[in-house]
Amino acid sequence: MISPERIRSNLDLVRARIKAAGGDPGSVTIVAVTKAWPVDVARAAIAAGLEDLGENYAQELEAKAASLATNAPAGVPKVRWHFIGRLQQNKVKLLAPHVALWQSVDRPEVGRQIARYAPGAAVLVQVNATGEPSKGGCLPARVPALVRELGELGLSVQGLMAVGKHGDLAATADAFRQTVALADQLGLPVRSIGMTDDLEVGVRCGSTMVRVGRVLFGERPPRPADSRLGQLGVGN
Ligand SMILES: *Cc1c(COP(=O)(O)O)cnc(C)c1O
């Protein structure tokens, strides 16, 4: 199990990378992506001072959040859970008690479910700016309308999120620049761009929030397709 000390030194590395890319580490929120790791890694991340944790799968977020909530050490700041994965309408109810920021809202149907189970919740619109059909996200041309629709549902739209193109930093930079230009145009302060492999690109494009897993915790353990919860070390 990775130690809080090790995570803390990896966190220093993330802050140094942000600074070297011309960013201000004090004004870029670091979301620690704990997906595929047991809940004890989330505990170690919290002990290392991280307060924002991200997950891609609804059941995994729910299980870890519930486990942390029932064994919360006194004096530890409350974790802010970020949902960053593909969001299915039928998972919103399960997630609603736990999620502080819904980062991957990409269509009005999902917004309606969030407004129903978590009225007034803070959300980001995920933008698919790399033109990859396999990716989640709202097409850039649709983003202004979706932002307006989510506002009309009473949700608090705080910004935009985007995922770069794997192995293509030039295309990633284009996508991030387009995302930031849209956020500027719409007056949205939060720009969630940059992961372990494209952190610097995100920061140079104006990131205010990076979502990092591997740089903090190392390579993720393989994820068995059908025994996911068994891997989490929760419930026992
Ligand atoms: C997995 C994931 C991350 C973190 O990726 P790393 O390469 O481990 O930093 C960030 N954002 C999303 C949407 C992810 O799926």
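Ligands are counted one by one from 1 in listed order, and the atoms in each one are counted from 1 as well. Just so you know, these numbers use all the heavy atoms, side chains as well, and skip hydrogens, waters and symmetry mates.
- Look at D197 and R214 and you find a salt bridge, because one of the NZ, NE, NH1 or NH2 atoms lies within 4.0 Å of a carboxylate O, short of that distance.
- For atom 10 (C) of ligand 1, the closest non-hydrogen atom of the protein is M195 SD, 3.2 Å.
- Every atom of ligand 1 is numbered from 1 in the order shown, and the set under 4.0 Å from a heavy atom of G213 is 4 (C), 6 (P), 8 (O), 9 (O).
- For atom 12 (C) of ligand 1, the closest non-hydrogen atom on the protein side is I84 CD1, 3.6 Å.
- Contact check for K93 versus Q113: no side-chain heavy atoms found under the 4.5 Å cut-off.
- A donor-acceptor pair is defined here as one N or O able to donate and one able to accept, closer than 3.5 Å; no such pair exists between the side chain of K165 and the backbone of A175.
- Under the side chain to side chain donor-acceptor pair (under 3.5 Å) test applied with T34, the options R220, R43, E55, E60 reduce to a single match, E55.
- Atom 6 (P) of ligand 1 has as its closest protein heavy atom T196 OG1, 3.4 Å.
- Near V212, meaning under 4.0 Å from any of its heavy atoms, are these atoms of ligand 1: 9 (O).
- Which parts of ligand 1 touch R214 is read off a 4.0 Å heavy-atom cut-off, strictly below it: atoms 6 (P), 7 (O), 8 (O), 9 (O).
- Residue contact annotation: D197 has no non-hydrogen atom under 4.0 Å from ligand 1.
- Assignment of R220 to the shell around ligand 1 is supported, since a heavy atom sits closer than 4.0 Å.
- Side-chain N/O atoms of R211 and S192 include a donor and acceptor closer than 3.5 Å.
- In terms of protein heavy-atom proximity, atom 1 (C) of ligand 1 is nearest to K35 NZ, 1.5 Å.
- The contact set between ligand 1 and N56, taken as ligand atoms under 4.0 Å from a residue heavy atom, comprises 14 (C), 15 (O).
- Put simply, the side chain of S3 gets close to the backbone of R6: a donor and an acceptor are under 3.5 Å apart.
- The shortest contact between atom 11 (N) of ligand 1 and any protein heavy atom is with R211 NE, 2.9 Å.
- Of the possible donor and acceptor atoms, one in the side chain of D106 sits under 3.5 Å from a partner among the backbone N and O of G137.
- A salt bridge is absent between R204 and D198: the closest approach of a Lys/Arg side-chain nitrogen to an acidic carboxylate oxygen does not fall below 4.0 angstrom.
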